[in-house]
Amino acid sequence: MNKFSEEKLAKVKEIISHYPEGKQKSALLPVLHIAQDSFGGWLSAETMDYVAELLQITPIEVYEVATFYSMYNLKPVGKYMFEVCQTGPCMLNGSDNIIAYIGEKLGIKPGETTADGLFTLKTAECLGACGYAPMMQLGKHYREHLTKEKVDSIIEECRKNAEANN
Amino acid sequence: MGVQLLLEKAKVEGIRKYEVYRREGGYRSVEKALKTMSPEVIVEEVKKSGLRGRGGAGFPTGMKWSFIAKPEGVPRHLVCNADESEPGTFKDRFLMEFIPHLLIEGLIVSSFALGSNTTYIYIRGEYAWVAEILEFAIGEAKANGFLGKNILGTGFDCEIYVHRGAGAYICGEETALIESLEGKRGNPRIKPPFPAIQGAWMRPTVVNNVETLAAIVPIINLGGDEYAKIGVGKSTGTKLMSACGNIKKPGVYEIDMTISVEEFIFSDEYCGGIANGKRLKACIPGGSSVPILPANLLLKTAKGDTRYMNYESLSDGGFATGSMMGSGGFIVLDEDQCVVKNTYTFARFYRHESCGQCSPCREGTGWMEKLLLRLENGQGKISDIDLLWDIQRKIEGNTICPLGDAAAWPVAAAIRHFRDEFEWHVTHAEEAVKRNYGLAHYADPIHVPA
Ligand SMILES: Cc1cc2nc3c(=O)[nH]c(=O)nc-3n(C[C@H](O)[C@H](O)[C@H](O)COP(=O)(O)O)c2cc1C
Ligand code: SF4
């Protein structure tokens with residue numbers, strides 16, 4: 001079973017201390033982020049149960065939160081997830097074309113993962129980068145002012161990184 | 001460039017670092033407030049400044065602060081709303097990313113004024129790197145005695161914690177934000193009780209926007225009266241605008257609210273005009289929730305007066321012919337853009353973000369999205385336009401939180417001002433699908449690029 005390292009457990013403890021005594025449930029969102037980062041980029045039922053146990057809350061309290069927020073993945077996702085914004089300001093700057101181009105290039109539709117498990121394509125709603133459109137979120141960072149050429153080089157970069165880490 | 005109260009130092013090399021920020025005059029307001037002012041006096045100064053909440057509703061900040069309950073022995077909390085998820089809005093991100101200490105400074109003074117010993121920054125989860133920048137700045141402020149126990153020897157204790165959300169626009173609504181801070185789904189609460197009486201963990205809580213709290217710094221430094229002299233009427237101080245869409249220079253601009261909309265869009269100091277040699281068609285001046293205006297009503301009011309970039313002027317004419325300052329998310333559409341499609345993306349956004357508690361919002365947003373998609377794809381009927389009008393009216397005012405209104409208003413305004421473009425999607429369905437734009441007669445006839 002997945003368990004946090006000592007270092008991460010200490011971090012969880014520190015986060016709990018940010019909230020009033022007895023209100024450790026408040027740490028749920030940050031702890032779920034850590035869990036998702038630590039255990040393969042998604043939250044399995046097992047992982048959620050573990051978080052419930054850590055925070056001394058019932059599993060259902062974790063499930064209802066995990067299903068509400070769009071950043072928690074309830075299914076496995078590719079190593080690199082392209083979350084491309086499609087809301088108004090990005091649309092006005094051609095996000096439709098970017099989404100179609102990525103889909104073509106990777107041979108997948110939004111919501112799908114490539115067979116090698118490397119890439120997931122997702123559409124996203126406004127990510128607060130409207131002035132730098134079109135854009136996508138990749139891991140913890142934003143990639144902005146996207147063009148087809150930029151998309152090519154991002155995909156290339158991911159492939160290289162994946163190889164280097166193998 | 002007009003007066004800069006917030007971003008003046010944002011371009012100074014290394015300003016993210018404490019030493020540089022301090023050398024540039026940072027944290028003076030903390031010294032002044034904690035050493036020479038009482039919490040009550042600070043609240044008075046904020047009232048005098050005329051500062052209005054920068055999160056969207058424009059509620060007077062000083063008045064909001066004076067409502068906080070002070071029951072004996074119950075801790076109070078200040079929560080900074082950095083959820084920033086209204087389409088078109090990216091000003092808070094800019095401020096936090098480039099001049100994080102300004103927010104921390106404002107938070108310390110505000111926490112002192114409100115009696116909050118534990119203050120939270122609720123930041124949207126996607127701004128992960130910004131959260132790290134803030135945590136770093138908090139660490140520096142603490143190491144230099146501006147946070148922690150007995151700040152500057154005044155006996156005031158304060159900690160600031162960054163709390164990352166996880167992707168939900170609704171968590172920008174203050175009671176949903178509080179629920180989320182408590183580790184729950186972001187379902188807005190029924191008010192009353194208001195957060196100022198029972199907020200986070202049922203304790204008195206004030207929720208304010210990032211920009212609002214940063215503006216406390218110049219208010220303390222200048223004094224409320226001096227601050228109120230900047231701007232015009234009830235639009236005092238400066239406002240951050242995040243400009244985007246089809247303009248030459250998208251970005252975040254600090255404006256004093258005396259400039260005209262025309263100057264903001266066309267002058268090189270700000271948006272630099274419409275991109276790609278095109279003409280202006282329409283604009284949503286305050287984030288996706290506020291009414292869209294066609295070029296003629298945007299640059300001039302219905303009475304023919306110049307429209308200015310301030311709260312009063314932008315809303316001149318009410319919803320019939322005006323719009324709102326909202327969150328300052330300024331979205332510009334060029335002559336080739338399709339209002340039906342743009343409205344569809346917003347409807348999809350609100351359906352995606354509805355928390356689902358109220359039937360009119362949950363069902364209505366999905367229904368509007370479907371109708372708009374149908375129209376956009378050339379499969380709509382004229383009666384769909386009336387149906388859309390009917391649905392938005394039945395959502396507005398009938399929900400727990402204002403997300404319902406926020407979803408209804410853009411649809412209403414689009415039909416109100418661009419009805420023939422909707423009809424054109426029905427009568428010229430094939431053409432509408434082929435070329436993704438509507439009718440040329442909306443385009444601004446005055447600013448025609450050479
Ligand atoms: C659906 C919805 C989303 C909101 N999102 C935000 C937001 O992202 N940031 C923000 O500051 N205020 C947002 N607000 C407004 C807040 O509820 C609240 O009025 C604001 O944080 C108060 O701060 P202010 O008085 O400083 O503006 C939102 C309101 C609603 C109804
Ligand atoms: S209006 Fe919509 S978002 Fe707000 S509480 Fe009701 S269902 Fe939830």
Side-chain angles (χ1 to χ4, degrees), chain A residues 14-34 36-37 55 57 61-73 83 85-96 123-133 135 137 139-142 144-145, chain B residues 75 84-90 92-94 118 120 124-129 132 159 161-169 171 180-187 200-201 203 242-246 250-252 284 288 329 331-334 337 341-346 348-349 352-353 355 436:
Chain A
E14 200 254 325
I15 292 173
I16 292 174
S17 78
H18 297 173
Y19 307 98
E21 255 330 297
K23 304 292 182 190
Q24 72 279 2
K25 179 173 173 176
S26 303
L28 182 51
L29 269 66
V31 174
L32 282 177
H33 280 306
I34 300 178
Q36 179 158 293
D37 289 348
L55 296 180
I57 56 180
E61 291 175 277
V62 180
Y63 306 159
E64 60 179 17
V65 161
T67 52
F68 185 85
Y69 296 92
S70 65
M71 287 180 77
Y72 300 128
N73 302 313
E83 298 181 75
C85 175
Q86 59 173 353
T87 316
C90 272
M91 183 278 289
L92 295 174
N93 283 293
S95 58
D96 288 5
T123 53
E125 297 297 344
C126 188
L127 293 170
C130 321
Y132 324 111
M135 63 78 65
Q137 186 183 352
K140 285 201 169 158
H141 291 274
Y142 283 6
E144 299 171 329
H145 298 297
Chain B
E84 189 165 76
S85 314
E86 168 104 352
T89 318
F90 50 100
D92 297 337
R93 163 187 166 185
F94 188 92
T118 315
Y120 299 91
R124 69 177 298 174
E126 295 90 342
Y127 286 174
W129 78 98
E132 283 170 12
E159 296 289 348
Y161 299 117
V162 179
H163 182 104
R164 258 176 81 208
Y169 166 65
C171 290
S180 184
L181 182 64
E182 293 183 0
K184 300 179 200 153
R185 294 166 77 93
N187 289 343
W201 310 290
R203 300 167 173 182
S242 58
C244 61
N246 308 119
V252 176
I284 300 147
S288 61
I331 311 169
V332 178
L333 279 69
D334 71 35
Q337 298 298 344
K341 180 158 193 199
N342 191 61
T343 311
Y344 158 68
T345 74
F346 288 165
R348 184 183 59 210
F349 172 83
H352 187 258
E353 303 300 336
C355 84
N436 178 36

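In what follows, chains carry the letters A, B, and so on, assigned in the order in which the sequence lines appear, proteins first and then strands, with residues in each chain numbered from 1. What's counted below: heavy atoms across the whole structure, side chains too, no hydrogens, waters or symmetry copies.
Interface remark: B:Glu353 contributes side-chain atoms only to the contact with chain A (heavy atom separation under 4.5 Å). With a threshold of 4.5 angstrom between heavy atoms, B:Ser288 does not approach chain A through any atom at all. For B:Phe349, the parts lying near chain A are the backbone and the side chain together; criterion is any non-hydrogen pair under 4.5 Å. Only the side chain of B:Tyr120 comes within less than 4.5 Å of a heavy atom in chain A; its backbone stays farther off. Both the backbone and the side chain of B:Leu181 come within contact range of chain A, judged by heavy atoms closer than 4.5 Å. Using a 4.5 Å cut-off between heavy atoms, B:Ser180 contacts chain A through both its backbone and its side chain. Interface remark: B:Phe94 contributes side-chain atoms only to the contact with chain A (heavy atom separation under 4.5 Å). Neither the backbone nor the side chain of B:Ser242 comes within less than 4.5 Å of any heavy atom in chain A. Both the backbone and the side chain of A:Glu64 come within contact range of chain B, with heavy atoms under 4.5 Å apart. For A:Gln24, no part lies near chain B; criterion is any non-hydrogen pair under 4.5 Å. Of the two parts of A:Ala129, the backbone and the side chain both hold a non-hydrogen atom closer than 4.5 Å to a non-hydrogen atom of chain B. Of the two parts of B:Arg164, the backbone and the side chain both hold a non-hydrogen atom closer than 4.5 Å to a non-hydrogen atom of chain A.
Contact detail for B:Phe346 and A:Pro89: the closest heavy-atom pair is CE2-CD, 4.2 Å. The minimum heavy-atom distance between B:Trp129 and A:His141, with the atom names listed, is CB-CE1, 3.7 Å. Minimum heavy-atom separation, A:Phe68 to B:Asn187: CE1-OD1, 3.8 Å. Summarising the geometry of A:Tyr69 relative to B:Ala166, their closest heavy-atom pair is CB-O, 3.2 Å, with the distance given to 0.1 Å.
Between B:Tyr161 and A:His18, the angle of the ring planes stays under 30°, which puts this pair in the parallel group of the 30/60° scheme. Using the six-membered ring where Trp is involved, A:Tyr132 and B:Phe90 have ring planes that are perpendicular, over 60° apart on the 30 and 60° scheme.
Rounding to the nearest 0.5 angstrom, the gap separating the CG atom in A:Leu29 from the CD atom in B:Glu182 is 12.0 Å. Rounding to the nearest 0.5 Å places CE of A:Met71 at 5.0 Å from CD of B:Glu126. The OG1 atom of A:Thr87 sits 6.0 Å away from the CZ atom of B:Arg348 when rounded to the nearest 0.5 Å. The structure places CH2 of B:Trp201 at 12.5 Å from CD of A:Glu21, a figure rounded to the nearest 0.5 Å.
Between the side chain of B:Asn342 and the backbone N or O of A:Leu92 there is no donor-acceptor pair closer than 3.5 Å. Judged purely by atom type and a 3.5 angstrom limit, B:His163 has no side-chain atom pairing as donor or acceptor with the backbone of A:Ala27.
Listed options B:Cys171, B:Gly183, B:Gly88, B:Pro75 were ranked by heavy-atom pairs under 4.5 angstrom with chain A; first place goes to B:Gly183. With respect to chain A, the highest number of heavy-atom pairs below 4.5 Å among B:Pro250, B:Cys244, B:Gly329 belongs to B:Cys244. Ranked by non-hydrogen atom pairs under 4.5 Å with chain A, the options B:Arg203, B:Glu132, B:Glu159 are led by B:Arg203. The candidate from B:Ser85, B:Gly165, B:Gly251 with the greatest count of non-hydrogen atom pairs under 4.5 Å with chain A is B:Gly165. Comparing B:Pro87, B:Ala128, B:Ala168 by heavy-atom pairs within less than 4.5 Å of chain A, the highest count is held by B:Pro87.
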